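Okay, so here's the structure we're looking at.
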Amino acid sequence: MSQKPAIFIARKVFPEVVAHLGHHFQVDMNESDEVLPPAELIARLQGKQGALTTGSERVDAALLAACPQLKIAANIAVGFNNFDVPAMTAAGVLATNTPDVLTETTADFGFALVMATARRVTESEHFLRAGQWNKWSLDMFAGAEVHGSTLGILGMGRIGQAIARRGAHGFGMKVIYHNRSRLDAALEAECKASYVDKATLLAQADHLILVLPYSASSHHAIGAAEIAQMKPTATLINIARGGIVDDAALAVALRERRIAAAGLDVFEGEPKVHPDLLTVPNVVLTPHIASATIPTRKAMAMLAADNVIAYLTQGRPVTPLNAEIIGAGARA
Ligand code: DGY
């Protein structure tokens with residue numbers, strides 16, 4: 001009997017995902033769940049045809065050259081800025097991600113941050129826990145209105161659309177959005193969202209939520225100049241990727257109350273957080289958990305596993321990012 005191909009799981013995943021992969025492959029896994037340094041990741045990938053990665057592992061030309069047997073890297077994430085996709089395509093290595101399975105869960109969390117930020121949930125909890133609450137008063141932690149306000153969405157892919165539906169249909173918000181390409185009229189009507197240019201988005205949003213992918217062109221899409229165009233009463237929410245917001249400029253703006261508050265799930269250089277963000281009160285900070293429910297994280301890991309199985313056993317991945325390599329362009 002021929003040996004099963006070998007694959008590597010770069011971070012600890014759910015046992016049922018390992019078992020599922022084990023029906024098809026010899027499975028090696030980073031049980032420690034620590035992010036492996038690049039040299040160690042390369043060492044563990046020797047002889048492996050497939051890898052399950054997360055946003056913390058970089059797959060670039062150097063890794064691809066050092067791992068000549070690798071045929072697929074399946075990211076357990078919808079974002080894939082840790083992949084150098086052109087380098088993967090050039091090397092004939094398939095890249096996959098996990099769209100759709102996390103859309104609604106991530107949109108829920110986007111709204112959790114809108115609510116927590118506008119209504120000052122964590123700031124007031126810290127006050128209470130610190131034993132500072134000794135009387136009720138009319139304006140204590142009075143925040144911004146969510147229902148009926150204007151929700152601005154920068155980036156209108158699946159998650160942006162799911163957020164728009166929540167805002168428009170659930171909270172009676174006026175929804176405006178800016179995106180590289182405009183949605184078709186039927187989708188705009190369903191989301192009750194109106195397309196505006198970026199300057200209008202910045203100027204009119206009461207709550208601005210970022211849901212665009214990270215790339216060189218979206219680096220610091222929100223910096224001091226953009227924040228200066230926002231209402232002083234506005235809130236800014238980032239559930240997209242660190243680096244889209246200039247965190248240092250945001251910390252200054254929050255301290256000087258140039259905008260009212262921010263809610264951040266992602267950070268430049270995470271898991272490090274800009275120290276100034278840790279000292280301003282008007283920011284809600286969470287550790288990149290927007291898609292973190294057990295069912296959704298299991299679905300993401302299972303989809304990544306299905307991509308590796310479908311590609312290595314039948315040549316037909318479920319959610320490829322560079323399908324053009326399949327066939328003649330793929331590593332043998
Ligand atoms: C994603 O799926 O891109 C989330 O941010 C988790 O990395």
Side-chain angles (χ1 to χ4, degrees), residues 9-14 17 30 33-36 41 51-60 72-85 88 94-114 116 153-163 179-180 209-219 221-222 236-245 247 262-273 284-308 317-322:
I9 308 176
R11 301 291 297 281
K12 203 166 172 186
V13 297
F14 304 97
V17 178
N30 170 17
D33 202 31
E34 296 299 327
V35 179
L36 297 175
L41 179 61
L52 268 76
T53 55
T54 70
S56 307
E57 291 79 37
R58 178 129 188 89
V59 177
D60 56 15
I72 172 172
N75 225 22
I76 310 174
V78 68
F80 51 89
N81 52 303
N82 57 311
F83 282 179
D84 182 341
V85 177
M88 293 176 78
L94 192 80
T96 66
N97 69 339
T98 59
D100 298 320
V101 292
L102 48 56
T103 299
E104 299 299 330
T105 301
T106 305
D108 284 350
F109 192 80
F111 244 89
L113 279 187
V114 170
I153 304 176
L154 185 58
M156 198 59 158
R158 302 172 186 85
I159 297 170
Q161 292 163 34
I163 289 168
N179 196 42
R180 266 178 314 186
I209 184 159
L210 311 179
V211 211
L212 66 168
Y214 179 80
S215 67
S217 60
S218 63
H219 182 76
I222 301 292
L236 173 69
I237 310 297
N238 187 7
I239 58 165
R241 275 291 180 271
I244 292 174
V245 173
D247 285 350
L264 306 174
D265 186 49
V266 288
F267 304 88
E268 283 190 280
E270 66 183 50
K272 292 204 179 97
V273 175
V284 178
L285 305 167
T286 53
H288 202 146
I289 56 167
S291 62
T293 65
I294 295 290
T296 292
R297 286 284 165 90
K298 282 189 177 172
M300 291 163 68
M302 214 39 117
L303 177 53
D306 284 340
N307 269 309
V308 176
V318 191
T319 50
L321 292 165
N322 55 351

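For the single chain, residues carry numbers from 1 onward in sequence order. No experiment lies behind these values; they were computed from the predicted model shown. Atoms within each ligand, like the ligands themselves, are counted from 1 in listed order.
- In this structure, Asp108 contributes its side chain and Ala112 its backbone to no donor-acceptor pair below 3.5 Å.
- Listed by number with element, the atoms of ligand 1 under 4.0 angstrom from any heavy atom of Gly79 are 1 (C), 2 (O), 3 (O).
- Note that CD1 of Ile244 is 10.5 Å distant from NE2 of His219, once rounded to the nearest 0.5 Å.
- No donor-acceptor pair closer than 3.5 Å links the side chain of Thr296 to the backbone N or O of Thr293.
- Atom 2 (O) of ligand 1 has its closest protein heavy atom at Val78 N, 2.7 Å.
- Taking every heavy atom of Met300 and a limit of under 4.0 angstrom, the matching atoms of ligand 1 come to 2 (O).
- In this structure, atom 6 (C) of ligand 1 lies nearest to the protein heavy atom His288 NE2, 3.6 Å.
- Within the 3.5 Å criterion, the main-chain N or O of Val318 finds a donor-acceptor partner in the side chain of Asn307.
- If you check the side chains of Asp265 and Asn238, you find no donor sitting under 3.5 Å from an acceptor.
- Taking every heavy atom of Arg241 and a limit of under 4.0 angstrom, the matching atoms of ligand 1 come to 1 (C), 3 (O), 4 (C), 5 (O), 7 (O).
- Which parts of ligand 1 touch Ala77 is read off a 4.0 Å heavy-atom cut-off, strictly below it: atoms 1 (C), 2 (O), 3 (O), 7 (O).
- Side-chain atoms of Glu268 do not come within 3.5 Å of backbone N or O of Gly242 as any donor-acceptor pair.
- Those atoms of ligand 1 that come under 4.0 Å of a heavy atom in Leu102, given as number and element, are 2 (O).
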